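Please read the structure below before turning to the comments.
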Protein chains: 2
Amino acid sequence: MVEYKSSDLDRTFTALSHEVRRSMLARLQQSELRVTELAEPFDMSLNAVSKHIRLLEAANLVTRRVEGRDHWISVNPEPMAQASAWIEAQAKFWSPRLHKLAKLVERKP
Amino acid sequence: MVEYKSSDLDRTFTALSHEVRRSMLARLQQSELRVTELAEPFDMSLNAVSKHIRLLEAANLVTRRVEGRDHWISVNPEPMAQASAWIEAQAKFWSPRLHKLAKLVERKP
DNA sequence: TTTATATTCAACATTATGGTTGAATATAAA
DNA sequence: TTTATATTCAACCATAATGTTGAATATAAA
């Protein structure tokens with residue numbers, strides 16, 4: 001059984017607080033990607049992208065597999081699940097509408 | 001129908017990235033609280049607490065009702081539901097175990 | 001009216017984020 | 001072996017976050 005510290009949640013939420021990193025995580029759900037591939041959609045230096053990846057790595061949201069000169073980045077969803085669980089734990093008194101939104105349950109239009 | 005910008009998610013996740021603010025939100029699920037009451041559990045200046053509240057307010061996670069010299073703070077769960085929904089949208093390829101963790105669904109021990 | 005309480009404002013210091021450029025390193029390709 | 005590619009390291013700058021203390025403001029209580 002893994003223990004979770006509140007500082008882990010700090011790091012997770014911090015990592016999720018930037019659109020660039022969220023967008024990286026979203027792409028990584030499909031497949032692992034190299035640093036250059038991850039950088040491609042963004043209008044910023046490779047170095048900036050490298051730093052975003054380092055922050056994701058520090059939050060344990062991605063892992064890195066070095067293969068020659070290529071670094072393959074893949075997503076680790078566990079901390080996101082923890083973050084989601086924290087939010088759900090707050091939801092005890094929420095309205096059914098918000099509950100459904102949070103859980104992405106389909107509802108009639 | 002309300003529109004959500006990615007910068008809203010930025011602010012929400014940033015606000016959730018500090019243990020003090022998460023703990024405040026958790027207490028506010030039960031009832032609205034005055035600034036001093038919110039501050040009571042923490043070993044920090046009232047000013048620091050005031051700033052945490054201001055950040056939560058900027059993220060629209062709490063609202064403030066001024067009554068005389070007292071400021072009553074209450075939680076607004078909507079942005080948390082949005083944040084949770086973003087995470088759930090990532091969960092397409094997750095294992096059933098992670099899915100259950102994220103949704104806090106009970107499972108056999 | 002005087003005093004105490006609730007809260008914010010202003011100024012300051014420290015650390016973290018987010019970005020840049022130029023150099024270094026390691027590996028692959030010509 | 002030389003050159004190109006993939007990536008990080010180092011130094012720097014600007015801004016945001018996190019905290020402090022002391023003063024200001026507004027309201028309630030004595």
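Chain identifiers are assigned alphabetically (A, B, ...) following the order of the sequence lines, protein sequences preceding nucleic acid strands; residue numbering begins at 1 within each chain. A quick note: this is a predicted structure, and the numbers were derived from the prediction, not measured.
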_For B:E67, give me all partners under side chain to side chain donor-acceptor pair (under 3.5 Å), at least two apart in sequence or on another chain._
B:R65

*By a strict heavy-atom criterion of less than 4.0 Å, which residues belonging to residues 43-51 of chain B are in contact with DNA chain C?*
B:L46, B:N47, B:S50, B:K51

*In chain order, what residues pass the side chain to side chain contact (heavy atoms under 4.5 Å, CB included) check against A:E57, with sequence neighbours excluded?*
A:V62, A:R64

*asked:* B:R34: which residues meet the salt bridge (charged side-chain N to carboxylate O under 4.0 Å, His left out) condition with it, sequence neighbours left out?
replied: B:E37, B:D70

*Grab the two heavy atoms, one from B:V20 and one from B:F42, that are nearest each other, plus how far apart they are.*
O-CZ, 3.8 Å

*In residues 52-62 of chain B, which ones come under 4.0 Å of DNA chain D, going by heavy atoms?*
B:H52, B:L55

_List the residues meeting side chain to side chain contact (heavy atoms under 4.5 Å, CB included) with A:S95, not counting sequence neighbours, and say none if there are none._
A:R97, A:L98

*Please list residues of residues 17-25 of chain B whose heavy atoms come under 4.0 Å from any atom in DNA chain C, ordered by number; otherwise none.*
none

*side chain to side chain contact (heavy atoms under 4.5 Å, CB included) against A:R11, all qualifying residues, sequence neighbours excluded*: A:S7, A:D8, A:A59

*Separation of B:E37 atom CD from C:dT5 atom P, in whole Å?*
16 Å

*Mind listing the residues from residues 67-76 of chain A sitting with a heavy atom below 4.0 Å of DNA chain D? Number order is fine.*
A:R69, A:D70, A:H71

*Pair assignment for DNA chain D - dot-bracket with | for other-strand partners, Watson-Crick or G-U under 3.5 Å*: ||||||||||||||||||||||||||||||

If you look only at distance, which donor and acceptor atoms sit under 3.5 Å apart when one is on a side chain in residues 43-56 of chain B and the other is two or more places apart or in another chain?
| from | atom 1 | to | atom 2 | distance (Å) |
| --- | --- | --- | --- | --- |
| B:S45 | OG | B:A48 | N | 3.1 |
| B:H52 | ND1 | B:R21 | NH1 | 3.0 |

*How would you list, by chain and number, every residue that makes a salt bridge (charged side-chain N to carboxylate O under 4.0 Å, His left out) with B:E40, sequence neighbours excluded?*
none

*Rounded distance in Å - CG (A:L33) to P (D:dA6)*: 14 Å

*What are the two closest heavy atoms between B:Q29 and A:W94, and how far apart are they?*
OE1-NE1, 3.4 Å

